[in-house]
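Lettering follows sequence order; numbering is per chain, from 1. Note that the structure is predicted; figures quoted are calculated from it, not measured.
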Amino acid sequence: MTQVDVPLPQRHDVARFGATTRKDRWWLSPLLVLLGLSAFMIYTTWAAFQGEHYFFSGGGGGDAHYLSPFYSPLLFGQEGEPRWFGAPQPSWWPGWAPFSPAFLILMGPGMMRFTCYYYRGAYYKSFWGAPPACAVGGPHGGRYMGENRFPMIMQNIHRYVFYPAAMFVLILLYDSWRAMWFTMDDGSHHFGVGIGSIVLLTNAVLLGGYTFGCHCARHQIGGYLDCMSKRPVRKKCYDCTSALNRHHMKWAWVSLVWVAWSDIYVRLLSHGVISDLRIIF
Amino acid sequence: MSSGKTVSFWISRGEGDRTEFKEYSTTITEGMVVLDAVHQIQAESAPDLACRWNCKAGKCGSCSAEVNGKPALMCMTRMNDLDLSQPVSIEPMKAFPRIRDLVTDVSWNYAVKERIKKFNPRAPDSPDGTWRMQQADVERAQEFRKCIECFLCQDVCHVLREHGRHDRFGGPRHFVYTAALEMHPLDTENRLKGLKDTDGIGYCNITKCCTKVCPEHITITDNAIIPLKERVADEFYDPLTKLFRIFKPKREPRR
C-alpha cells in the first residue's frame, strides 16, 4: 500500500455545543422537527391509550365503516366492530395492564418511522444534537460512535420492518375501500363517497408513497443490482421507487400529519362533534 | 448595487492555531462573487492574504472555504445572496489543518482515496478487449463522476469536522468515489468490508449536510451513502439475506 505522510487535522473550536459562525436561523429547522415529532408522539400515545372512539359506523342515509388507521388492522375489539378475532382483548394480555387495540398495531409503523433513513437524520439533529445543524457543534465531543455500536447499530433492522409496514399499507387500502360502502337500513350495501372515505383513502395513498419510496424499498427492488437493463420490469419498479424517494422527506411529513388527522376525523365523528358529508349511489 | 457598496469582511488569518479574524472593507459591484471580493482585498489592503483558487467557475474545487459559517466555493457564492448589513465572515475549511489564512491541507483525502480498491473490470466482452454496457446501467455511477473534489462535503461532515474521526472514517467524498466503483456495471471488486471497517460508513448518521453543500448537486446521501449502507447491511447485518445466498446459485457479483 502506498504510504503518504498525512498531517493530523488540528483542533478547532467546533466541538463545543452550538459553536458556529453561521448567521442564518440554523436552529429553526431542527426546532420545527422537534416540535412536529414531539406533537405527533404525544398525540399518538394519547390516542392509543383511549381504546375507544376509533371506529365510526353511524351517519345519515347509511351506516359508514370508518376505522382509524391507528387501530387498523383491528385484531381485537368490541362487538359490532370489524375485529379479526372475536374477543375484546387477547387472553394472554396481563389483567393488570391497560389494553388498547392500538398497542398491538403501532409498533409496526412506529418502527418503520424510527428506523427510516430520513427520520434518523432528522431526529439525530433535533433530539440528539448530532449535530444540531450542519456546521454547528454538538454536545457529544469525542464520545460519538454513530451507528457503529449497540444500540444504534440496530437501525439496520429497517429492512425487516419495511415488509410489515408495506402490509399495513395494503390493509389501509382495503379499509379505505371498505369505507366506500355504506350499510342501508334494509341491510344492503351501497357504494358511496364520504369525506371520511376520502380522508382514509388519502391516508393510504400517502402512507404508500412514503413506505414504497423508502430507501430500503429502493434497495430491495433493484438498488442492490449493478445491471438492470436486462430486467425491464425491475428497472421500471426501481425508477418508480426512485421517483418517490426523491421526495421522501415530503412524503414522510405529509403522511405523518395525515395519519394523525385521519384518527382525529374518525374520533370527532364518533364523538358526534362533526357529521360526515357523503354521496351514496 | 451597480454604483458599488462598501462591505465589511471578517477574514480568518493566521497559521496553525495562531489565528484571528481581521476586518477588511472593499467596494462590491454588481455580479461579484466572494472570491472577487477576496482578490480585491488582496489587491487593496492585504497582499499577503493566502487563498487557493484556480478556475473561478466552480469546476476546480480549489476555493473551498466557509462563508458566513457555511461551507461553500467562494467563486460560486454571489455577494448579492449574502446579508451585507453585517460583516461577511470568511474562514478556511475546519475539517482540515490550516496551512495559512484560507488555505488548508487536504492531502489526507488523497491518502484515503489511495486505500480504496481500484476499478477491476470483468473480462472484456469482445476479442478486441472492449466492453459493452447499457446507458441505463451506467447512469447511476455517472452522477458520482461529477465530483470536483472540493471536499466541502468532508468539511461539513460532523464526523470529521467535530469528532475528528479521520483515522476511521472515509467521509462523504470517498463514499461517493466508492459508490461510483461499486455500482459500476463492469466492476467485479467487493469493497464492502473496507467500507464497514476501514472507512467506517457506520459513523455516518445521514444528516444530509454533505448533500446540501455539494456545488455539483450530487445527491450524496440518498444515491451514494444510503445505498452503500444497505449493501453493507446485506453483507454483514442481514442473516436472512446471508441464508438466502447459501441456497442461491453462484454467479458473477451483482450483474
Side-chain angles (χ1 to χ4, degrees), chain A residues 1-2 4-12 14-15 19-24 26 117-118 120-122 124-125 128 130-131 133-138 140-149 152-153 156-160 215-216 218-220 223-230 235 245-246 248, chain B residues 16-17 66 68-71 83 86 89 91 94-98 105 107-108 110-111 114-115 133-134 136-137 155-156 158-166 182-185 187 200 202-209 212-213 219 221-222 226-227 229-231 233-234 237-238 240 253-255:
Chain A
M1 179 186 278
T2 308
V4 182
D5 183 21
V6 182
L8 287 174
Q10 67 190 69
R11 295 287 303 163
H12 286 283
V14 291
T20 186
T21 46
R22 281 181 65 169
K23 293 175 180 173
D24 57 340
W26 58 264
Y117 282 103
Y118 163 68
R120 273 148 73 176
Y124 285 141
K125 280 182 183 169
W128 198 240
C134 301
V136 178
H140 301 288
R143 301 186 305 278
Y144 176 80
M145 288 308 298
E147 297 181 341
N148 264 329
R149 287 189 185 169
M152 287 309 165
I153 202 168
N156 287 304
I157 65 166
H158 186 47
R159 55 188 56 202
Y160 287 112
H215 297 84
C216 174
R218 194 178 178 216
H219 177 73
Q220 301 288 341
Y224 70 97
L225 292 166
D226 292 338
C227 294
M228 276 184 276
S229 58
K230 291 172 186 164
K235 175 78 169 70
N245 183 264
R246 274 192 281 278
H248 196 46
Chain B
D17 288 328
E66 299 192 6
N68 281 347
K70 287 184 180 176
D83 176 12
Q86 48 186 329
S89 72
E91 301 163 86
K94 293 177 182 169
F96 306 112
R98 186 198 311 236
D105 181 353
S107 58
W108 170 82
Y110 305 122
E114 198 71 35
R115 74 183 180 217
M133 55 184 174
Q134 300 296 311
D137 294 328
D155 180 44
V156 80
H158 70 119
V159 183
L160 298 172
R161 176 193 183 87
E162 182 188 337
H163 305 296
R165 294 284 197 266
H166 296 70
E182 196 66 15
M183 296 176 189
H184 197 285
D187 185 69
Y203 279 101
C204 170
N205 66 345
I206 330 139
T207 56
K208 295 199 178 186
C209 295
K212 286 177 189 159
V213 301
T219 319
T221 317
D222 292 316
I226 293 175
K229 269 179 169 270
E230 285 291 310
R231 288 184 179 203
D234 276 349
Y237 302 118
D238 186 346
L240 286 182
R254 288 194 296 277
R255 286 181 58 188

Region of B/Leu160 in contact with chain A, defined by heavy-atom distances below 4.5 Å | neither

Side chain from CB out, backbone as N, CA, C, O: work out which of these in A/Ala130 comes under 4.5 Å of a heavy atom of chain B, or both, or neither.
-> both

Under 4.5 Å to a heavy atom of chain B? For A/Arg149 that would be neither

Side chain / backbone / both / neither for A/Ile153 at chain B, heavy atoms under 4.5 Å = side chain

Is the ring centre of B/His158 less than 6.0 Å from the ring centre of A/Tyr144?
-> yes

Please confirm whether the backbone N or O of B/Ala95 pairs with a side-chain atom of B/Asp155, one donor and one acceptor, at under 3.5 Å?
-> yes

Check: B/Ile206 main-chain N/O paired with B/Lys229 side-chain donor or acceptor under 3.5 Å | no

So which of A/His248, A/Arg218, A/His158 has the biggest tally of heavy-atom pairs under 4.5 Å with chain B?
-> A/Arg218

Considering only heavy atoms and a distance below 4.5 Å, find which of A/Lys125, A/Arg246, A/Lys235, A/Arg120 pairs most often with chain B.
-> A/Lys125

With the threshold set at 4.0 Å, does a side-chain nitrogen-carboxylate oxygen contact exist between A/Arg22 and B/Glu66?
-> no

So which part of B/Asp83 gets closer than 4.5 Å to some heavy atom of chain A, the side chain, the backbone, both or neither?
-> neither

Rounded to the nearest 0.5 angstrom, the CE-OG distance for B/Met133 and A/Ser229 is 11.0 Å

Using 4.0 Å as the upper bound for N to carboxylate O, is an ion pair formed by A/Arg159 and B/Asp234?
-> yes

